[in-house]
S.K.: 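If you scroll down you'll find the structure; I have some questions about it.
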Amino acid sequence: MAERFERAFYRLEYPLTARPTLRVGDRSFEVLDLCEEGVRFLLRPGDRVAVGYGFEGAIRLLSGDVVPVEGKVLRVVGPQAAAKLLRGVSFGAMLEEQRLIQQRFLTRR
């Protein structure tokens with residue numbers, strides 16, 4: 001029987017064509033999913049990110065807002081890294097992102 005993990009925060013998964021960008025120094029990464037205290041992002045070939053790597057940067061959200069973040073990489077699996085955000089995205093910004101995804105992608109027919 002598979003274990004079910006309860007999350008403390010709602011995780012918002014982004015469509016392939018509408019991913020925010022995590023900018024750390026001169027590097028940028030596509031955000032796969034995001035919550036108030038965590039982010040999972042895509043690594044490109046040649047990117048070197050290790051567990052425990054601390055970073056400061058910013059995420060440009062779909063709304064156009066740029067949110068300063070600070071985090072620490074918890075896990076790297078294949079081309080994906082997951083980080084705990086010590087300074088993250090507000091609840092209000094998460095609600096706005098969810099609204100934009102629903103408006104742009106789920107209401108089309």
Side-chain angles (χ1 to χ4, degrees):
M1 184 172 181
E3 288 185 47
R4 181 183 161 112
F5 295 99
E6 294 295 325
R7 296 191 181 273
F9 296 95
Y10 174 75
R11 187 168 299 276
L12 185 58
E13 293 186 30
Y14 286 93
L16 177 65
T17 58
R19 291 180 175 161
T21 304
L22 167 63
R23 187 102 172 131
V24 178
D26 62 348
R27 298 164 72 186
S28 62
F29 306 94
E30 285 184 50
V31 172
L32 302 171
D33 61 49
L34 180 66
C35 72
E36 293 168 71
E37 291 190 2
V39 63
R40 188 167 54 100
F41 55 95
L42 189 62
L43 302 170
R44 293 180 311 264
D47 282 340
R48 302 270 187 252
V49 175
V51 171
Y53 171 73
F55 63 89
E56 289 186 30
I59 297 177
R60 178 174 296 279
L61 300 172
L62 292 181
S63 64
D65 292 342
V66 177
V67 178
V69 295
E70 179 181 351
K72 186 176 189 177
V73 174
L74 298 178
R75 140 180 99 257
V76 177
V77 178
Q80 300 178 10
K84 165 95 170 132
L85 293 178
L86 308 170
R87 179 178 48 165
V89 182
S90 72
F91 178 70
M94 290 297 299
L95 287 177
E96 178 64 10
E97 289 292 280
Q98 182 178 18
R99 185 189 68 76
L100 288 171
I101 288 173
Q102 288 174 340
Q103 182 181 38
R104 293 180 189 176
F105 297 97
L106 300 180
T107 57
R108 292 183 182 171
R109 295 194 182 244

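By convention here, the first residue in the shown sequence is residue 1.
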S.K.: Using the salt bridge (Lys or Arg N to Asp or Glu O under 4.0 Å) criterion, which residues pair with Glu30? Sequence neighbours excluded.
M.R.: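 Checked Glu30 against salt bridge (Lys or Arg N to Asp or Glu O under 4.0 Å); matches are Arg19.
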S.K.: So, for Gly88 and Val67, which heavy atoms are closest and what is the spacing to 0.1 Å?
M.R.: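 Scanning both residues completely, I find the closest heavy atoms to be O-CG1, 3.8 Å.
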S.K.: When clusters are formed from ILVMFWY side-chain contacts under 4.5 Å, directly or step by step, what else is grouped with Leu42?
M.R.: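 Hydrophobic cluster check, Leu42: joined to Leu32.
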S.K.: Who clusters with Leu86? Use side-chain heavy atoms, under 4.5 angstrom, across I, L, V, M, F, W and Y, and order the result by chain and number.
M.R.: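 Other cluster members: none.
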S.K.: Working to the nearest 0.5 angstrom, can you tell me the gap between Arg75 CZ and Lys84 NZ?
M.R.: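 Arg75 atom CZ to Lys84 atom NZ measures 12.5 Å (nearest 0.5 Å).
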S.K.: Can you give me the closest heavy-atom contact between Cys35 and Met94, atom names plus distance?
M.R.: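 Looking at all heavy atoms of both residues, the closest pair is CA-CE, 3.7 Å.
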S.K.: Quick one, Val89 with Val39, criterion side chain to side chain contact (heavy atoms under 4.5 Å, CB included). Give me CA distance, side-chain angles, the key distance, then yes/no.
M.R.: CA-CA 10 Å; Val89 182; Val39 63; over 6 Å; no
S.K.: Test: ring-ring contact (aromatic ring centres under 6.0 Å, His included). Region: residues 20-52. Which pairs qualify, not counting sequence neighbours?
M.R.: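 Passing the test, one end in residues 20-52: Phe29-Phe41.
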S.K.: Write out all pairs satisfying salt bridge (Lys or Arg N to Asp or Glu O under 4.0 Å) with one or both partners inside residues 88-103, taking only residues at least two apart or from two chains.
M.R.: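 Listed by first then second residue: Glu96-Arg99.
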S.K.: Can you name the nearest heavy-atom pair linking Arg23 to Ser28, along with the distance?
M.R.: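 Between these two residues, the closest heavy atoms are NH1-CB, 3.6 Å.
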S.K.: Let me check something: any side-chain donor-acceptor pairs from residues 45-63 under 3.5 Å, sequence neighbours excluded? List them with distances.
M.R.:
{"residue": "Asp47", "atom": "OD2", "partner": "Arg44", "partner atom": "N", "Å": "2.7"}
{"residue": "Arg60", "atom": "NH1", "partner": "Gly64", "partner atom": "O", "Å": "3.2"}
{"residue": "Ser63", "atom": "OG", "partner": "Asp65", "partner atom": "N", "Å": "3.3"}
{"residue": "Ser63", "atom": "OG", "partner": "Asp65", "partner atom": "OD2", "Å": "3.4"}

S.K.: If you link ILVMFWY side chains whenever their heavy atoms are less than 4.5 Å apart, which other residues fall into the same cluster as Leu95? By chain and number, please.
M.R.: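 So far as hydrophobic clustering goes, Leu95 is joined with Phe91.
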S.K.: Can you name the side-chain hydrogen bond (donor to acceptor under 3.5 Å, both in side chains) partners of Glu13, sequence neighbours left out?
M.R.: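 Counting only residues at least two positions away or on another chain, Glu13 forms no side-chain hydrogen bond (donor to acceptor under 3.5 Å, both in side chains).
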